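What follows is a set of notes on a single structure, which appears directly below.
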There are 2 protein chains.
Amino acid sequence: MEKKNPIPAEHNHQKTADFARSHLPNEDDLFELAELFKVFSDSTRIRVMCALSKTEMCVYDIAELLGASQSAVSHQLRLLRASHLVRTRRDGKNMFYALDDDHVDAIISMGLEHIRHTKGEKDNG
Amino acid sequence: MEKKNPIPAEHNHQKTADFARSHLPNEDDLFELAELFKVFSDSTRIRVMCALSKTEMCVYDIAELLGASQSAVSHQLRLLRASHLVRTRRDGKNMFYALDDDHVDAIISMGLEHIRHTKGEKDNG
DNA sequence: TGAACACATGAATGATTGTTCATATGTTGA
DNA sequence: TCAACATATGAACAATCATTCATGTGTTCA
């Protein structure tokens with residue numbers, strides 16, 4: 001009486017969806033995760049984070065490093081602050097920015113490993 | 001003859017910018033990093049990756065899991081494929097998707113750690 | 001072959017984003 | 001207090017993005 005099924009015998013749509021759903025982060029975490037990775041999704045901001053992982057810098061330094069306007073840099077730094085990825089320290093008229101979290105380096109390193117891994121695939125063999 | 005400097009004595013704009021620049025990833029990698037993290041910057045795609053880290057799923061399963069249209073899911077999966085984050089396996093009429101890279105879990109875990117860490121800051125005390 | 005199913009994709013559209021311009025805030029030295 | 005400097009921010013605009021709708025491609029079963 002069983003009818004032939006193109007889906008593997010052990011596969012069941014409902015069970016699969018339910019099982020996966022039960023392992024998802026909650027809505028709040030998902031939203032915040034997306035917000036966090038949004039910060040990493042712009043090469044200008046990645047540049048800033050990579051730079052700050054080596055040394056603290058004032059806004060002027062960062063603008064010079066990037067060849068970007070002070071305003072553009074400041075807007076981007078605002079996002080980094082909002083995500084608790086950088087912290088600031090005032091010194092006279094300057095604001096010095098530094099990384100505020102070890103995860104930044106880890107996330108960027110993982111990303112680099114991934115893209116280098118995929119590049120290897122193309123040439124491999 | 002030295003004039004008082006509001007910048008810390010050891011701080012030099014040019015040197016700081018040059019030092020940071022010398023440690024940045026190259027342009028291609030920066031671009032690809034941004035592209036990669038763009039994929040992580042949408043909670044729908046994060047949901048898909050989290051789900052696929054537990055079990056392979058066909059498009060129908062994923063659409064049901066997300067409560068999204070088949071077309072929307074398919075468009076998103078295209079991005080995941082383009083970034084080499086998922087691989088596909090055809091079984092009859094179905095395409096089964098699975099994670100193609102351990103870095104996905106690692107990156108999402110780092111992200112979760114970060115947001116939980118920052119939440120701790122608020123309540124900590 | 002043709003109908004039904006599963007998935008992919010192009011075009012269009014409303015929403016979001018990064019930058020610029022103009023201006024505001026905060027600090028220093030006089 | 002004021003001028004000069006360093007940074008922050010609001011509004012506006014072009015570019016990019018996620019979804020929808022319509023349709024195309026590939027597979028199975030009869």
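Letters A, B, ... mirror the listed sequences (proteins, then strands); counts begin at 1. Keep in mind that this is a model prediction, so the values were computed, not measured.
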Show me the donor-acceptor pairs within less than 3.5 Å that the side chains of residues 32-39 of chain B make with the rest of the protein, sequence neighbours left out.
from	atom 1	to	atom 2	distance (Å)
B:Glu35	OE2	B:Lys38	NZ	3.0

Check whether [X] reaches the backbone of [Y] with its side chain - one donor and one acceptor, N or O, closer than 3.5 Å.
X: B:Asp101; Y: B:His103; value: yes
X: A:Arg90; Y: A:Gly92; value: yes
X: B:Asn94; Y: B:Phe96; value: no
X: A:His114; Y: B:Ser83; value: yes
X: B:Asp61; Y: B:Cys58; value: yes

Determine whether B:Leu30 and A:Ile62 fall in the same hydrophobic cluster, where Ile, Leu, Val, Met, Phe, Trp and Tyr are linked whenever their side-chain heavy atoms lie under 4.5 Å apart.
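Cluster IDs for B:Leu30 and A:Ile62 match.
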Under a single-linkage definition using a 4.5 Å side-chain heavy-atom cutoff for Ile, Leu, Val, Met, Phe, Trp and Tyr, are A:Met49 and A:Ile107 assigned to the same hydrophobic cluster?
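A:Met49 and A:Ile107: one cluster.
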Check the phosphate of [N] against [X], side-chain N and O only, distance under 4.0 Å to OP1 or OP2. Yes or no?
X: A:Asn94; N: D:dT7; value: yes
X: A:Arg78; N: D:dT9; value: yes
X: A:Tyr97; N: D:dA6; value: no
X: A:Arg81; N: D:dT7; value: no

Atom pair distance, as rounded to whole Å: [atom1] in [X] and [atom2] in [N]:
X: A:Ile62; N: D:dA6; atom1: CD1; atom2: C1'; answer: 13 Å
X: A:Glu64; N: D:dT7; atom1: CD; atom2: P; answer: 12 Å
X: B:Lys93; N: D:dT28; atom1: NZ; atom2: P; answer: 8 Å
X: B:Arg90; N: D:dT27; atom1: CZ; atom2: P; answer: 5 Å
X: B:Leu80; N: C:dC7; atom1: CG; atom2: P; answer: 15 Å
X: A:Leu79; N: C:dG18; atom1: CG; atom2: C1'; answer: 9 Å
X: A:His13; N: C:dC5; atom1: NE2; atom2: P; answer: 12 Å
X: A:Arg89; N: D:dT7; atom1: CZ; atom2: C1'; answer: 15 Å

Bend angle of the helix from C:dT1-D:dA30 to C:dA30-D:dT1, end axes from five pairs each (to 10°)
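Between the axes fitted at each end of the helix from C:dT1-D:dA30 to C:dA30-D:dT1 lies an angle of 30°.
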Is the shortest side-chain heavy-atom distance between B:Glu64 and A:His13 below 4.5 Å?
no
Contact between B:Glu27 and A:Arg47 at the side-chain level, heavy atoms closer than 4.5 Å - yes or no?
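Yes, at least one pair of side-chain atoms sits under 4.5 Å.
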Quick test of your reading of the model: are B:Asp18 and B:Lys15 salt-bridged, counting only N-O distances below 4.0 Å?
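Judged by the 4.0 Å cut-off on N to carboxylate O distance, B:Asp18 and B:Lys15 do not form a salt bridge.
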Salt bridge between B:Arg116 and A:Asp29, side-chain N to carboxylate O under 4.0 Å?
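Here B:Arg116 pairs with A:Asp29 in a salt bridge, since their nearest N and O are under 4.0 Å apart.
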Please list, one pair per line, the donor and acceptor atoms closer than 3.5 Å that link side chains of residues 68-77 of chain B to other protein atoms, with sequence neighbours excluded.
from	atom 1	to	atom 2	distance (Å)
B:Ser69	OG	B:Ala72	N	3.0
B:Gln76	OE1	B:Arg45	NH1	2.8

Give the residues of [range] touching DNA chain C, defined as any heavy atom closer than 4.0 Å, sorted by residue number.
range: residues 70-77 of chain B; answer: B:Gln70, B:Ser71, B:Ser74, B:His75
range: residues 43-54 of chain A; answer: A:Thr44, A:Arg45
range: residues 29-42 of chain A; answer: A:Lys38, A:Asp42

Separation of A:Cys50 SG from A:Leu99 CG (nearest 0.5 Å):
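These two atoms lie 9.0 Å from each other.
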